[in-house]
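The block underneath contains the structure these notes are about, expressed in structure tokens.
Throughout, numbering of the chain's residues begins at 1 and tracks the sequence. Counting starts at 1 for both ligands and their atoms, in listed order. Atoms considered below: every heavy atom in the structure, side chains included; atoms not considered: hydrogens, waters and symmetry mates.
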Amino acid sequence: MKLELPALPFEYNALEPYMDAETVEVHYDKHHRGYLTKLLGVLENYPELKTREIEDLLKNLNTLEVSDSDRVKIKNLGGGFYNHVVFWEAMNPENEKNSELISDIEKDFGSVEEFKQKFSQLAKTHFGSGWAWLVKNGEGKLEIYSLPNQDCPLTLGHTPVLALDVWEHAYYLKYKNKRDEFVDAWWNLIKLL
Ligand code: MN3
């Protein structure tokens, strides 16, 4: 994916009532856009990196020829840009059940319900800002974990499948401090399962 903000694949109000239009608008147009804008600012010093794809930058984060402080910025801002794309795509109301993903989940977690419980638990108990992730590891097996801040599984050599943003900006306007309610409601937006 190029370093350009993809259009949100649905209207701001398309996720009501589980995610309110104001939250989606601020989250996409301010937070998500802001990560990309700031990333491009950092990359002004590295013209060659500006031409590369975001996945490439995050996979090779630890070997990029940049200063240590810029590496941290690229991790935070590049992750912030990429992670939100995964987040929005997974909630697209046009998504259809993905039978291949469902059978992989059944193989690796027993059942979709067991998977949802474990993933929800991670999202609810992650301390501070971060994300819950479902990824495919290097052996092609599904794994779940949470990561802090905007850390991205691509940097660990994993391929993101599903992502749930548990930064307060993802839910605070509607759910206030009740992250648990937000996590439970979020599954209604995941048509893939
Ligand atoms: Mn966010």
Side-chain angles (χ1 to χ4, degrees), residues 1-43 53-55 57-59 61 71-93 95 116 119-135 144-156 158-192:
M1 179 173 42
K2 287 187 176 161
L3 302 182
E4 293 167 9
L5 189 67
L8 195 65
F10 42 78
E11 300 293 323
Y12 290 141
N13 65 2
L15 307 183
E16 298 267 11
Y18 308 109
M19 201 177 284
D20 60 293
E22 187 182 8
T23 295
V24 173
E25 180 170 1
V26 173
H27 201 166
Y28 171 74
D29 199 48
K30 303 288 186 234
H31 292 275
H32 190 182
R33 185 186 301 282
Y35 287 118
L36 176 61
T37 305
K38 290 178 194 160
L39 174 68
L40 291 171
V42 173
L43 297 183
E53 305 221 323
I54 186 62
E55 292 91 337
L57 296 181
L58 292 168
K59 281 179 195 169
L61 179 71
R71 191 181 318 282
V72 173
K73 288 178 190 162
I74 294 169
K75 174 172 82 155
N76 292 338
L77 301 169
F81 168 52
Y82 175 83
N83 296 346
H84 286 93
V85 175
V86 178
F87 182 57
W88 301 127
E89 280 177 356
M91 295 187 292
N92 189 339
N95 285 345
K116 283 185 176 181
F119 186 98
S120 294
Q121 188 62 18
L122 277 172
K124 291 174 182 179
T125 57
H126 177 83
F127 185 75
S129 296
W131 294 69
W133 289 97
L134 169 67
V135 302
I144 54 175
Y145 48 72
S146 68
L147 293 177
N149 305 316
Q150 298 293 356
D151 291 13
C152 182
L154 289 173
T155 309
L156 305 173
H158 298 162
T159 306
V161 178
L162 267 185
L164 174 51
D165 187 345
V166 295
W167 284 58
E168 283 187 344
H169 67 234
Y171 60 88
Y172 208 84
L173 289 177
K174 180 177 173 73
Y175 294 92
K176 302 294 184 281
N177 60 323
K178 295 178 181 146
R179 188 196 285 184
D180 288 14
E181 289 182 13
F182 164 65
V183 171
D184 291 336
W186 179 73
W187 292 110
N188 291 291
L189 302 171
I190 303 302
K191 310 292 186 200
L192 299 166

The Mn ion (ligand 1) - closest N/O/S atom in His27: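 His27's closest N, O or S atom to the Mn ion (ligand 1) is named NE2.
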To the nearest 10 degrees, how large is the angle at the Mn ion (ligand 1) between His169 NE2 and Asp165 OD2?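 Seen from the Mn ion (ligand 1), NE2 and OD2 are separated by roughly 120°.
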Assess the side chains of His32 and Trp88: does a donor N or O sit below 3.5 Å from an acceptor N or O?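 Trp88 and His32 do have a side-chain donor-acceptor pair below 3.5 Å.
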Does the plane of the ring in Tyr12 sit parallel, tilted or perpendicular to the ring in Tyr28? Use 30° and 60° as the thresholds.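 Rings of Tyr12 and Tyr28: tilted, 30 to 60°.
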Considering all heavy atoms of both residues, which atom of Val85 and which atom of Pro6 are nearest to each other, and what is their separation?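 Taking every non-hydrogen atom into account, CG2-CG, 3.9 Å.
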For the aromatic rings, using the six-membered ring if either is Trp, is the centroid distance between Trp186 and Tyr175 under 6.0 Å?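 Centroid distance Trp186-Tyr175: not below 6.0 Å, so no.
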Taking backbone and side chain together, does His31 place any N/O/S atom at a distance below 2.8 Å from the Mn ion (ligand 1)?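 Given the 2.8 Å cut-off, His31 does not count as a ligand of the Mn ion (ligand 1).
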